[in-house]
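Please read these numbers as outputs of a predicted model, since none were measured by experiment. Every chain is numbered from 1, with letters handed out A, B, ... down the list of sequences.
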Number of protein chains: 2
Amino acid sequence: MAFSIGILSRRAGVKVPTIRYYEQVGLMPSPPRTDGQQRRYGDAEVARLNFIRHARELGFEVDAIRELLAMSAQPEESCADVDRLARRHLAEVEQRIARLIALRTELQRMVTECGHGRVGECRVIQVLADHGECDHDHGGARPGSTGFAEA
Amino acid sequence: MAFSIGILSRRAGVKVPTIRYYEQVGLMPSPPRTDGQQRRYGDAEVARLNFIRHARELGFEVDAIRELLAMSAQPEESCADVDRLARRHLAEVEQRIARLIALRTELQRMVTECGHGRVGECRVIQVLADHGECDHDHGGARPGSTGFAEA
DNA sequence: CCTACAAGCTCTAGCGACTAGAGGATCAAG
DNA sequence: CTTGATCCTCTAGTCGCTAGAGCTTGTAGG
């Protein structure tokens, strides 16, 4: 019935160090330990970890997941808050998509205009060197929000 | 002719600590200093910093920008490498867009199916809890590559 | 010339969500 | 009882900055 962190890792598809990290940041509980201080888990933890993994795959931040977990523990409450959280996240994803599409457009323009000659005449370099060469105002968002990812 | 880091900051639209950071990681040169160790810049640095800023806005990583800068200093060379770098980056942006669109689809499905009742019947929570509820295989990429951004 | 004070300097630490590695303990099978 | 896979804690690194402490310098006004 009680199993190790390695087994939990395989059952939920989350790496062992990541599970320990989740415990550290309060997403996963501190489980009971063996006499030798090794963690022992049950099926409830597999379910919880699957929930966390799926939410992460959908791009929810750890803070948001903490809230979602707290809410899902109150099944009699209204799900308005859950809904709000999900909608806010959806809106963020949509913003990110819009931003990336603008970047894609400009990158496409850059590479299609490159005449494959020398660096001195390269459109890619020219556009980068001279902001005036591009239509978009892609530097308009908050500083550091270029819409780029960790991977 | 020679101006301070604050002036450079305003002319290029890059914050002062960020300029110092770029110097540290080798994107910007170590400029000459006054007797009191303050950095002095010229117009060449404004141009270089604009190049860097624009490349960052387009989502190029610092390593890629270092390469782009090195290439742009060799105007007689073929721009094939420049082209390759830009195309690779474009491909990454396209992958990210595809991934985010898949996420958006699923998030939309979740929120539209939510009946605004209790948490216990909430579609959002149900989908998160049970991976089988969703069509997509959005957990298939390399670990940690959910396509999410820093902002 | 002197005094404010804005702006510069270096250094360290923090963000988010992990990942990697050291160095050692424990568990389960044979 | 031994082997070796797995577990433990701890620290540090990733990326591209950002924030703050605590001190020094440059410059403009009086």
Closest-nucleotide 5' rank along DNA chain D - winner of B:D63 and B:D35: B:D63
Spacing between B:Y22 atom OH and D:dT18 atom P, to the nearest angstrom: 8 Å
Reading DNA chain C from 5' onward, which residue's closest nucleotide shows up sooner: A:T18 or B:R10? B:R10
N-O pairing of B:E61 and B:R56 below 4.0 Å: no
Do A:H54 and B:E106 come within less than 4.5 Å of each other through their side chains, counting heavy atoms only? yes
What nucleotide, of C:dA17, D:dG26, D:dC17, holds the atom closest to the side chain of B:T34? D:dG26
Any side-chain N or O of B:R39 less than 4.0 Å from the OP1 or OP2 oxygen of C:dC9? yes
Is any side-chain N of the basic residue among A:E57 and A:R53 closer than 4.0 Å to the acidic one's carboxylate O? yes
Nearest-angstrom distance from the residue atom CD of A:Q37 to P of D:dC10: 11 Å
OP1 or OP2 of D:dC17 sitting under 4.0 Å from any side-chain N/O of B:K15? no
The side chain of A:Q38 is closest to which nucleotide in this list: C:dT26, D:dG26, D:dT18? C:dT26
Starting at CD of B:E23 and ending at P of C:dG8, how long is that distance when rounded to a whole Å? 14 Å
Where the side chain of B:S4 is defined as all heavy atoms beyond and including C-beta, which of C:dC9, C:dG8, C:dC27 is the nearest nucleotide? C:dG8
Within the pair B:R33 and C:dT10, is there a side-chain N or O less than 4.0 Å away from OP1 or OP2? yes
Return the value, rounded to whole Å, for the distance between atom OH of A:Y21 and atom P of D:dT9. 17 Å
Which whole-number value in Å describes the distance from A:E61 CD to C:dA17 C1'? 10 Å
Between B:A86 and A:V124, what is the shortest heavy-atom contact and its length? CB-CG1, 4.2 Å
A:I19, A:I5, A:N50, A:L8 screened by side-chain contact (heavy atoms from CB on, under 4.5 Å) with A:V14, the one that passes: A:I19
Taken to the nearest whole Å, CG/A:L8 to C1'/D:dC8 is 16 Å
Euclidean distance, atom CD1 of residue A:I5 to atom P of D:dC7 [Å, nearest integer]: 7 Å
Closest to the 5' end of DNA chain C, once B:Q24 and A:R40 are matched to their nearest nucleotides, is B:Q24
Please give, in whole Å, the distance from D:dC8 C1' to A:Y41 OH? 12 Å
From the candidates D:dT9, D:dG16, C:dT19, the one with an atom nearest any side-chain atom of A:P17 is C:dT19
By the 4.0 Å heavy-atom rule, please label A:R20 as base, sugar-phosphate, or nothing. base
